[in-house]
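Numbering of ligands and ligand atoms starts at 1, following listing order.
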Amino acid sequence: MKLILLGGPGAGKGTQAQKLAEKYNIPQISTGDMLRQAVKDETEMGKKAKTFMDQGKLVPDEVVIGIVKDRLTKDDVKKGFILDGFPRTVEQAEALDKITDDMGIAIDAVVNIATSPEVIIERLSGRRSCRDCQKVYHVVYSPPKEEGVCDVCGGELYQRDDDKPETVKKRLDVYNEQTAPLIDYYKDKGKMVEVSGDNSIDEVYEDIVEALS
Ligand code: AP5
Ligand code: MG
Ligand code: ZN
């Protein structure tokens, strides 16, 4: 199973990718998580990426394409994978086509999680993420057993720097301008599956599993 999860900020890509990764026993490949890890590790790439991320802008294509290309050489992707937050521009999608062609594989489906802008602010202002394993929580919709502590690894939960309302607004604009065109890109390839992201986490999950079967 080789999947792409498409959707705006707060659509639930990370939440659903984590559930699907467990169900199908395949890795979640989140460019956002990998970039945040590089920021935390203070690598050269991380330092550069941070300036874009803090403004809600996309990190340059060549950087992100390089990260994904490298990740797809690892052994664990042989069974399949879930791309969460990549591709995000037509240039990235074209690069991915080339990478998968060279690997002799093909993406099976692209799931578009369509979410109304109204729900996004509420979702992102209540989001908490684990500093260590990056698992995603929400103070109301998906709370941890113990406040501030990750259920899975015991790590500290924190609020992302780019979840401030003004940065969220910018991320939404960037999504509409640069990422939304990918919906037609993949529709034209006959790979698009659409679900409503406005429903509950479990309902969205069930819709995706049904659409994939
Ligand atoms: P990234 O980390 O990918 O951020 P994003 O696309 O804005 O998406 P989010 O992670 O904010 O939302 P999500 O859809 O994963 O939602 P989640 O499941 O967490 O990217 C961050 C930055 O990195 C970018 O701005 C850019 O700078 C850079 N970057 C990353 N990839 C890049 C690329 N390919 N090219 C260039 N730059 C790139 O859910 C949100 C909250 O809602 C959670 O609290 C969750 O518990 C809750 N929730 C989820 N679903 C539901 C539901 N159905 N009902 C109720 N609550 C829900
Ligand atoms: Mg995410
Ligand atoms: Zn954790």
Trainee: Using a 6.0 Å distance limit plus a 45 degree cone around the ring axis, check whether Arg128 lies over the aromatic ring of Tyr137.
Mentor: no
Trainee: Counting heavy atoms not belonging to Lys50, are there more than 12 under 6.0 Å from its NZ?
Mentor: no
Trainee: Within a distance under 4.0 Å of any heavy atom of Tyr141, pick out the atoms of ligand 1 and give their elements.
Mentor: 55 (C), 56 (N)
Trainee: Quick one: look up the protein heavy atom nearest atom 8 (O) of ligand 1 and list residue, atom name and how far away it is.
Mentor: Lys13 NZ, 3.0 Å
Trainee: For side-chain contact (heavy atoms from CB on, under 4.5 Å), just list the numbers for Val64 and Leu58, CA-CA rounded to whole Å, side-chain angles, deciding distance to a tenth of an Å, and then say yes or no.
Mentor: CA-CA 9 Å; Val64 188; Leu58 293 183; over 6 Å; no
Trainee: Purely on distance, is any nitrogen or oxygen of Gly12 under 3.5 Å from one on ligand 1?
Mentor: yes
Trainee: Closer than 4.0 Å to some heavy atom of Ile201 - which atoms of ligand 1 meet that?
Mentor: 50 (N), 51 (C), 52 (C), 53 (N), 54 (N), 57 (C)
Trainee: Could you go through Thr43 and Lys47, starting from their C-alpha distance and side-chain angles, then the distance that decides it, and tell me whether this counts as side-chain contact (heavy atoms from CB on, under 4.5 Å)?
Mentor: CA-CA 6 Å; Thr43 66; Lys47 283 181 205 160; over 6 Å; no
Trainee: Can you name the nearest heavy-atom pair linking Asn176 to Pro181, along with the distance?
Mentor: O-CD, 4.0 Å
Trainee: Give a yes or no on whether a salt bridge exists between Lys189 and Asp97, defined as a side-chain N under 4.0 angstrom from a carboxylate O.
Mentor: yes
Trainee: Could you grab the angle centred on the Zn ion (ligand 3), going from SG in Cys150 to SG in Cys133, to 10°?
Mentor: 110°
Trainee: Should we count NZ of Lys98 as having more than 12 external heavy atoms under 6.0 Å?
Mentor: no
Trainee: Under the side-chain contact (heavy atoms from CB on, under 4.5 Å) rule, what do Met45 and Leu35 come out as? Steps first, then yes or no, please.
Mentor: CA-CA 8 Å; Met45 191 262 286; Leu35 290 166; 4.0 Å; yes
Trainee: I'd like to know if Glu194 pairs up with Lys187 as an ion pair, taking the criterion as any Lys NZ or Arg NE/NH1/NH2 lying under 4.0 Å from an Asp or Glu carboxylate oxygen.
Mentor: yes
Trainee: Any heavy atom of Arg36 closer to ligand 1 than 4.0 angstrom?
Mentor: yes
Trainee: So for ligand 1, is Ala11 a polar contact partner (N or O within less than 3.5 Å, distance only)?
Mentor: yes
Trainee: Looking only at protein heavy atoms, identify the closest one to atom 15 (O) of ligand 1 and say how far it is in Å.
Mentor: Gly14 N, 2.9 Å
Trainee: Can you list the atoms of ligand 1 that are under 4.0 Å from a heavy atom of Asn199?
Mentor: 52 (C), 53 (N), 54 (N)
Trainee: Please identify which atoms of ligand 1 are closer than 4.0 Å to at least one heavy atom of Val136.
Mentor: 19 (O), 43 (C), 45 (C), 46 (O)
Trainee: Answer yes or no: does an N/O atom from Asp84 fall short of 3.5 Å to an N/O atom of ligand 1?
Mentor: no
Trainee: Using heavy-atom distances only, which candidate in Arg88, Gln134, His138, Glu203 approaches atom 20 (O) of ligand 1 most closely?
Mentor: Arg88
Trainee: Write out the residue and atom name of the closest protein heavy atom to atom 38 (C) of ligand 1, then the distance separating them to 0.1 Å.
Mentor: Leu35 CD1, 3.9 Å
Trainee: Go through ligand 1 atom by atom and flag the ones less than 4.0 Å from a non-hydrogen atom of Tyr137.
Mentor: 43 (C), 44 (O), 46 (O)
Trainee: Tell me whether Ser200 reaches ligand 1 (any heavy atom closer than 4.0 angstrom to a ligand atom).
Mentor: yes
Trainee: Out of Arg171, Glu122, Gln16, Met53, whose heavy atom is nearest to atom 23 (O) of ligand 1?
Mentor: Met53
Trainee: Quick test: of every protein heavy atom, which one is nearest to atom 32 (C) of ligand 1, and how far off is it to 0.1 Å?
Mentor: Thr31 OG1, 3.6 Å
Trainee: Is the shortest side-chain N to carboxylate O distance from Lys135 to Asp151 below 4.0 Å?
Mentor: no
Trainee: Kindly work out whether a path of hydrophobic side-chain contacts (I/L/V/M/F/W/Y, heavy atoms less than 4.5 Å apart) joins Ile113 to Leu83.
Mentor: no
Trainee: Could you name the option among Arg123, Glu91, Arg127 that has the heavy atom nearest to atom 52 (C) of ligand 1?
Mentor: Arg123
Trainee: For atom 12 (O) of ligand 1, which candidate among Ser129, Ser196, Gly10, Gly7 provides the closest heavy atom?
Mentor: Gly10
Trainee: Is any N or O atom of Val59, backbone or side chain, closer than 3.5 Å to an N or O atom of ligand 1?
Mentor: yes
Trainee: Charged N to carboxylate O below 4.0 Å: is that the case for Asp76 and Lys74?
Mentor: no
Trainee: Go through ligand 1 atom by atom and flag the ones less than 4.0 Å from a non-hydrogen atom of Gly8.
Mentor: 14 (O)
Trainee: At the Zn ion (ligand 3), what angle lies between atom SG of Cys130 and atom SG of Cys153, rounded to 10 degrees?
Mentor: 100°
Trainee: With nothing but distance in play, are any N or O atoms of Gln92 less than 3.5 Å from an N or O of ligand 1?
Mentor: yes
Trainee: Who's closest to atom 39 (O) of ligand 1 heavy-atom-wise, of Val195, Thr15, Leu5?
Mentor: Thr15
Trainee: Closest heavy-atom contact between Ala106 and Lys191?
Mentor: CB-NZ, 4.3 Å
Trainee: Has Arg123 got a side-chain atom pairing as donor or acceptor with Gly12's backbone, closer than 3.5 angstrom?
Mentor: no
Trainee: What atoms in ligand 1 come closer than 4.0 Å to a heavy atom of Arg160?
Mentor: 1 (P), 2 (O), 4 (O), 9 (P), 10 (O), 11 (O), 21 (C)
Trainee: Taking only heavy atoms of Lys57, which atoms of ligand 1 are found under 4.0 Å from at least one of them?
Mentor: 26 (C), 27 (O)
Trainee: Counting heavy atoms not belonging to Lys57, are there more than 12 under 6.0 Å from its NZ?
Mentor: no
